[in-house]
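Atom set for the values below is all heavy atoms of this structure, side chains included, hydrogens, waters and symmetry mates excluded.
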Amino acid sequence: MSKMTKEERELYHSDVKAKSDWNAGIRYAEKKAKEEGKEEGKLEEKIEIAKSLKDEGLSIELISKTTGLPIEEIEKL
């Protein structure tokens, strides 16, 4: 690196920064995708619980209150 010209060093540092920024962006996207996957899994679990409660004859209002799902969505199950 000591044999590089000033312009070459600036270009090198610019490239290193760009790669670092790109890697940070990838890590952020992976984290967000993982979080969204967890949320989707929680929703699917709530829906399965709501189906079971509905099959047991519980009121739609109670199911909604218990699961946090909207009444309209429970009625569709």
Side-chain angles (χ1 to χ4, degrees):
M1 214 165 138
S2 62
K3 295 183 180 182
M4 290 183 179
T5 66
K6 180 181 178 183
E7 292 164 344
E8 289 172 330
R9 279 193 304 276
E10 288 174 357
L11 184 60
Y12 171 78
H13 289 296
S14 174
D15 186 47
V16 169
K17 183 179 180 337
K19 287 178 182 177
S20 176
D21 291 347
W22 185 83
N23 285 331
I26 293 295
R27 285 191 303 275
Y28 177 79
E30 288 172 342
K31 180 182 174 185
K32 284 306 226 179
K34 187 175 181 180
E35 289 172 1
E36 289 175 11
K38 285 181 183 179
E39 289 301 316
E40 188 173 316
K42 288 179 184 179
L43 177 60
E44 289 174 5
E45 184 178 3
K46 286 181 179 185
I47 291 171
E48 289 302 314
I49 291 169
K51 285 179 185 178
S52 296
L53 295 175
K54 189 174 179 185
D55 290 345
E56 291 295 322
L58 272 70
S59 73
I60 292 177
E61 291 79 16
L62 180 58
I63 297 170
S64 175
K65 187 176 180 181
T66 303
T67 62
L69 295 172
I71 290 174
E72 299 77 27
E73 187 169 341
I74 296 167
E75 289 173 339
K76 294 177 187 178
L77 301 176

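- With sequence neighbours left out, S52 forms a side-chain contact (heavy atoms from CB on, under 4.5 Å) with no residue at all.
- In this structure K6 satisfies the salt bridge (Lys or Arg N to Asp or Glu O under 4.0 Å) test with no other residue, sequence neighbours excluded.
- For residues 64-77, no residue pair satisfies the side chain to side chain donor-acceptor pair (under 3.5 Å) rule, not counting sequence neighbours.
- Remark: T5 engages E7, E8 in a side-chain contact (heavy atoms from CB on, under 4.5 Å) (not counting sequence neighbours).
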For residues 34-43, which side-chain donor-acceptor pairs fall under 3.5 Å, sequence neighbours excluded?
none

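- Both I71 and L69 are part of a single hydrophobic cluster, where members link through side-chain heavy atoms under 4.5 Å apart.
- Cluster partners of I26, using a side-chain heavy-atom cutoff of under 4.5 Å among ILVMFWY residues and allowing indirect links, are W22.
- For K17, the salt bridge (Lys or Arg N to Asp or Glu O under 4.0 Å) partners two or more places apart in sequence, or in a different chain, are D21.
- Partners of K51 under the salt bridge (Lys or Arg N to Asp or Glu O under 4.0 Å) rule, at least two apart in sequence or in another chain, are E48.
- Evaluated for a side-chain contact (heavy atoms from CB on, under 4.5 Å) with I74, the options I47, L53, I60, L58 yield exactly one hit, I60.
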